[in-house]
Amino acid sequence: MATSMGCLVALCLVSPLLLAGAVHGNPGYGGLFPQFYDHSCPKAKEIVHSIVAQAVARETRMAASLVRLHFHDCFVKGCDASVLLDNSTNIVSEKGSNPNRNSIRGFEVVDEIKVALETACPGTVSCADILALAARDSTILVGGPYWEVPLGRRDSLGASIQGSNNDIPAPNNTLPTIITKFKRLGLNLVDVVALSGGHTIGLSRCTSFRQRLYNQSGNGLADGTLDVSFAAQLRQGCPRSGGDNNLFPLDAVTSTKFDNFYFKNILAGRGLLSSDEVLLTKSAETAALVKAYANDVHLFFQHFAQSMVNMGNISPLTGSKGEIRKNCRRLNNFH
C-alpha cells in the first residue's frame, strides 16, 4: 500500500510539468492551449471571469453549479457544450436526463457570458470553452486552486440524452462502475478521487442519498458506514417519501468554501452520498488518496487542478469540426 501511495503522491511532482505542457499547446491536450483567443478575442477570459464573479456574488451555490455543468458536459460525448442545447426539432436535450432533470443549473449565467462575448468578438468563443473557463473561475472564487485552461474547443452539432443517462457517474453507482465510467474517458483513479473532491462545495437533493438513510442494502437498515447522529440529522429533512428536492450541503462543515473538508468528513463517516463513502470503504487505493487529501490540502488542490485539465481534454471538437454557436442553447442553423 505504501508503494502505491508513493506512486500516487509522486503524481503531484509530475503535475506542474504536465500543466507546463498544456500551456504550450502540447499535443497531449488535443491541440488545445490557453492562448487560443489571445489575438481573436483578447478580453475573453476577463469577460467570463467578470460575469462568473457577479453570479457567484449573487449566489455562492452557483460556483458548484458551474463546475458541475462542465463535468456533465465532458462526460457525455466530450467537452462540446452538448449539455447546453435545448429541445428542438432535431435535438432531444440532455437537460431532461435522469442526472440533469430538476438538478442541473447555471444556464442563465452561460447565456449572459455568451451575449457579452458575442458583442465583444462575434462568432469566436465557443460555449464549450465558456464552460471550461467558468468552472475554473468558480473554483477560484470560492477559495480553490487556479489552473491554466487549455482552450480551442468547438461546439457540438447534437446532444445525447442516452449518453447523459448512462455515462455520468451516479450517487448510487458502485465504485467499480464509477471507475469504469472514468476510465472509458481516459481518466484514472487519481482523477476519480480528486474530482469527487469537487463535492467540497454545492448541495445535493434528498433523492440522491435517501437509500443510505433507510434501506441501503435492501434490508430496511441505514448504511452502517454513515455516522449515526449525522444520519438522524439528515432524516429530519429527508423523509422516507416526499421531499425529493430538499437540499443538503455535500460538505456540511464548510459548504461554501473550496477546501479539503469533504475528505475529512468521509473519514468521519459524514460523506453525504454513497459515491463519496465508497471511496474510503471499497478500495485501498482510493482510500489512501482520501486520507492523503484530508491530510494535505495543497496535494488535493494540485491534483484537482490537474484532473480538471484532464477532464477538460476529453474528446474536444477542434479545427473545422462542430461550430461556434451564437446562442449556446441552439445550433446556428436552428429550425
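The basis for the numbers below is simple: all heavy atoms, side chains too, and nothing from hydrogens, waters or symmetry mates.
Taking each heavy atom of K291 and L267 in turn, the nearest pair found is CG-CD2, 3.8 Å. When all heavy atoms of L66 and G106 are compared, the closest pair comes out as CD2-O, 3.9 Å. Across L250 and I201, no two heavy atoms sit closer than the pair CD1-O, 3.8 Å. Contact detail for Y37 and A44: the closest heavy-atom pair is CB-CB, 4.3 Å. In terms of heavy-atom proximity, L85 sits nearest to S156 at CD1-OG, 4.0 Å. Summarising the geometry of A63 relative to V142, their closest heavy-atom pair is CB-CG1, 3.8 Å, with the distance given to 0.1 Å.
Distance check: K114 NZ to R325 CZ gives 9.0 Å after rounding to the nearest 0.5 Å. Put simply, CD on E118 and OG1 on T124 are 7.0 Å apart, with the number rounded to the nearest 0.5 Å. Atom NE2 of residue H70 and atom CG of residue L133 lie 9.0 Å apart, to the nearest 0.5 angstrom. Distance CG/D251 to CG/N265: 5.0 Å, rounded to 0.5 Å. For the atom pair OG1 (T286) and CD1 (I179), the distance works out to 6.0 Å, reported to the nearest 0.5 Å. For the atom pair CG (N310) and CG (L187), the distance works out to 6.5 Å, reported to the nearest 0.5 Å.
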Enumerate donor-acceptor pairs with a distance under 3.5 Å from any side-chain N or O in residues 206-213 to protein atoms, sequence neighbours excluded.
{"residue": "R210", "atom": "NE", "partner": "P239", "partner atom": "O", "Å": "2.9"}
{"residue": "R210", "atom": "NE", "partner": "R240", "partner atom": "O", "Å": "3.1"}
{"residue": "R210", "atom": "NH1", "partner": "D244", "partner atom": "OD1", "Å": "3.0"}
{"residue": "R210", "atom": "NH2", "partner": "P239", "partner atom": "O", "Å": "3.4"}
{"residue": "R210", "atom": "NH2", "partner": "G242", "partner atom": "O", "Å": "2.6"}
{"residue": "R210", "atom": "NH2", "partner": "D244", "partner atom": "OD1", "Å": "2.9"}
{"residue": "R212", "atom": "NE", "partner": "D223", "partner atom": "OD2", "Å": "2.9"}
{"residue": "R212", "atom": "NH1", "partner": "G271", "partner atom": "O", "Å": "2.6"}
{"residue": "R212", "atom": "NH1", "partner": "L272", "partner atom": "O", "Å": "2.9"}
{"residue": "R212", "atom": "NH2", "partner": "D223", "partner atom": "OD2", "Å": "3.3"}
{"residue": "R212", "atom": "NH2", "partner": "T225", "partner atom": "OG1", "Å": "3.4"}

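The aromatic rings of F300 and Y293 sit tilted relative to each other, their planes meeting at an angle between 30° and 60°.
Other residues, nucleotides and ligands contribute only 12 or fewer heavy atoms inside 6.0 Å of the NZ atom of K282.
Considering only heavy atoms from C-beta on, P169 comes within 4.5 Å of F75 through its side chain. Looking at L247 and R205, their side chains come closer than 4.5 Å, going by heavy atoms from C-beta outward. Residues V48 and D129 are not in side-chain contact: their nearest non-hydrogen atoms beyond the backbone lie 4.5 Å or more apart.
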Q: Just do the side chain to side chain donor-acceptor pair (under 3.5 Å) check on S126 and R153 with the steps written out, would you?
A: CA-CA 7 Å; S126 70; R153 301 166 190 80; over 6 Å; no

Q: Give the C-alpha distance, both sets of side-chain angles, the deciding distance and a yes or no for salt bridge (Lys or Arg N to Asp or Glu O under 4.0 Å) between E94 and K77.
A: CA-CA 11 Å; E94 293 171 20; K77 296 170 65 253; 5.3 Å; no

Q: Start with the C-alpha distance between K321 and D80, add both sets of side-chain angles, then the distance that settles salt bridge (Lys or Arg N to Asp or Glu O under 4.0 Å), and finish with yes or no.
A: CA-CA 10 Å; K321 294 177 186 158; D80 60 2; over 6 Å; no

Q: Go through the steps to decide whether R58 and E112 satisfy the test salt bridge (Lys or Arg N to Asp or Glu O under 4.0 Å), and finish with yes or no.
A: CA-CA 14 Å; R58 283 195 301 268; E112 196 183 336; 3.8 Å; yes

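Evaluated for a side chain to side chain contact (heavy atoms under 4.5 Å, CB included) with D259, the options F261, Y262, F263 yield exactly one hit, F261. Paired with Y146 under the rule side chain to side chain contact (heavy atoms under 4.5 Å, CB included), one option of I140, T139, D137 passes, and it is I140. Among I178, L189, L175, the single residue meeting the side chain to side chain contact (heavy atoms under 4.5 Å, CB included) criterion with L279 is L175.
Checked against the 6.0 Å centroid threshold, F36 and F33 count as a close aromatic pair.
Residue pairs meeting the side-chain hydrogen bond (donor to acceptor under 3.5 Å, both in side chains) criterion with at least one partner in residues 41-53, sequence neighbours excluded, are S50-Q54.
With no hydrogens or angles considered, a side-chain donor-acceptor pair links S97 and S164 at under 3.5 Å.
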